[in-house]
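What follows is one structure encoded as structure tokens, with my remarks underneath.
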There are 2 protein chains.
Amino acid sequence: MNLKTLAEELGLSQTTVSRALNGYPEVSEATRRRVEEAARRHNYRPNSRAKGLATGRAMVIGQVIPTSVQHEMVNPIFGDFVAGASLTFSRFGYDMMFTRVPDADESAVYREYRARGAVDAVILQGPLVEDQRIPLLNQIGLPFIVHGRSTGITEPYAWVDVNNKRSFQHATEFLIHLGHRRIALINGLETMDFAQRRRAGYLAALAEAAIAPDPALMRSDEMTEHFGYSQTRQMLAMDQPPTAIMASSMIAALGIRRAIEESGLTMGRDVSVITHDDDLSYLKNGQDVPIFTATRSSVRKAGEVLAQCLVDRINTPDAPPQSRMLEAELLVGRSTGPAPQRT
Amino acid sequence: MNLKTLAEELGLSQTTVSRALNGYPEVSEATRRRVEEAARRHNYRPNSRAKGLATGRAMVIGQVIPTSVQHEMVNPIFGDFVAGASLTFSRFGYDMMFTRVPDADESAVYREYRARGAVDAVILQGPLVEDQRIPLLNQIGLPFIVHGRSTGITEPYAWVDVNNKRSFQHATEFLIHLGHRRIALINGLETMDFAQRRRAGYLAALAEAAIAPDPALMRSDEMTEHFGYSQTRQMLAMDQPPTAIMASSMIAALGIRRAIEESGLTMGRDVSVITHDDDLSYLKNGQDVPIFTATRSSVRKAGEVLAQCLVDRINTPDAPPQSRMLEAELLVGRSTGPAPQRT
DNA sequence: AATCAATTTCAAAGCGCTTTGGATGACCGG
DNA sequence: CCGGTCATCCAAAGCGCTTTGAAATTGATT
């Protein structure tokens, strides 16, 4: 069933049918109802490509699948983020499209998106410090929004981000108030902007309390379970092991816990742990009482908010880029406690 | 830059340029080279929608985002599966498109996909026992492939699945050989087909060894860390606790390990654990030695294979549906050991 | 009854591509 | 020099929709 046959069956022109369906005022209520009824009866939907061709809009949002170079790792937040964003997008009639390519080809994908007119806008994930994709997208003229921010990029761009610095600063302060002085940081790759900011927050809290940061207590890499485990094992074997650990992800925190327990220690008593928690649907931080004390911020909600911002941006392309800062809440669970007395 | 201007610039007709670019034989090598060079210079790409409209193909694969009803949970394998599938699809010029809707509306999405001509085919995730989406898609006439299978559906359909029954049977036999008699099963929701099959494998192994299955040792629900934890706590508190546990997911297994260790027991000595491992990129089962003994099968590879099958299916729509069975390997790690002596 | 404005409808152009059904030359043997 | 065959290339139709500009109809006003 297409417009033409539908119009013929109704004895109307394609123009009128199209207008009736798209809510234009120049069609009588009676006709509109008649058309809508017939459309429903035949389960008529305008062909996406024809409509797109005529309107010049794809009604598709593109996203390059974020995979890290080192371990070919797919970001674990991917599913939940998409679930959030997708919900908002579909309300506005947008579909989401994904492309995965070797990292080096990412800019080629954006150029191709643009040349093919395949998408109306893109979402940029996992921004680095001074991420060159931002100037590139601006130059290409492809509307976009960043999930996160990029330190060092001065040109304007839209973003949605968690206040990583503040949340890590507060969390570190919380540990300091509990008496901890040797606080470790198990962070993501510090080429990533978020990791940079979290470290800044951590350092700010230490500085405020006049605690000299110890480079031996600051680790950063891809946030796997194994990374959390191995770094914790190493640090707990030091002469002056940390009494508390800040972690950048729940998955790493699971490894941290494993290392603590395998060392015969108890998390929350011998070693305190605070982790950032993206509130992933498949990795809930405890059902009743949170297992980990955490800086929590739902990445699914971030997806919803970001999608809304991007839709706005598409609709008013000349407005200056709007951004949204999300605050993480500090959730006190059972992984933190007063610093153990020095022996 | 579009076909028309490109053709004008070259002093050729659109026909010739189009043919040159699409590899048709009726254009001289010299012309073809000239055209290709110009296209590269201008970074010309045919407009997706115009091309789709003319060819009648969308070059898009659709997928409804699998979210479970209960916990609004996004399947943790989503990211890795997509990463795998997307790699293959992009080689063939297909994009992947996702739609997320409340579960009840899923069939409406398929009808809409079809009516709008939005996609050439869809991927069906997380099939249930007797999954009614399969007859629906067949009836709608939307090409599809299932990631998994659906017991009770007799009509033909294409699928790619892991041999869940066999892998769980082998793994259970392995535990039995180690002397375990009280073996628990912490399974996914048993409305899911894969969970059904895994249980069948588990039961077959018990039956073979003449061990009566104990309903108190068989648990099934959404596979979260917390579920693994809570069920294990419960079972370890029983009069006759299990000495071994089969788990359906790494994430649940992490909870199982936590419960074992919090109970003051040691995994691999007091309680053995075997889990299914989808080989997720962000949840590697140990870097060097596997932490868990596991039935391993890369879901990313499954995505690649499935994508290839679906492309074949699109290209030869009249051929009978082809399917692929993947075998999981039993990977022996440090979570299993001989059954402890009865005390 | 004539005029005008508002309402309702329509024919046709256009979006950018593919593809059908020729047309144009070049080349060849006779 | 002529008809036939190839190798090249082209004009135009068509994919299914939106939208422009105009026409037909209606109702109100003079």
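In what follows, chains are A, B, ... by sequence order, proteins preceding strands, each numbered from 1.
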Look at B:Arg32 together with B:Glu29 and state whether they make a salt bridge at an N to O cut-off of under 4.0 Å.
yes

Do any side-chain nitrogens or oxygens of B:Tyr24 fall under 4.0 Å of OP1 or OP2 in D:dT8?
no

Nearest-neighbour nucleotide for the [X] side chain, [options] considered:
X: B:Leu12; options: C:dT18, C:dC10, D:dC10; value: D:dC10
X: A:Ser18; options: C:dT18, D:dT19, D:dC15; value: D:dT19
X: B:Glu26; options: D:dC15, D:dC10, D:dT8; value: D:dT8
X: B:Thr16; options: C:dT18, D:dG16, D:dC10; value: D:dC10
X: B:Tyr44; options: D:dT19, C:dC17, C:dG21; value: C:dC17
X: B:Thr15; options: D:dC15, C:dA12, D:dA12; value: D:dA12
X: B:Ser28; options: D:dT19, D:dC9, D:dG16; value: D:dC9

Main-chain N/O of A:Ala158 paired with A:Ser323 side-chain donor or acceptor, under 3.5 Å:
no

Residue pair B:Ser281 / B:Asp80, side-chain donor-acceptor N/O under 3.5 Å:
yes

Decide if the gap between the ring center of B:Tyr113 and the ring center of B:Phe144 is smaller than 6.0 angstrom.
no

For A:Thr55, report the nucleic acid contact type (base, sugar-phosphate, nothing); a contact means any heavy atom under 4.0 Å.
sugar-phosphate

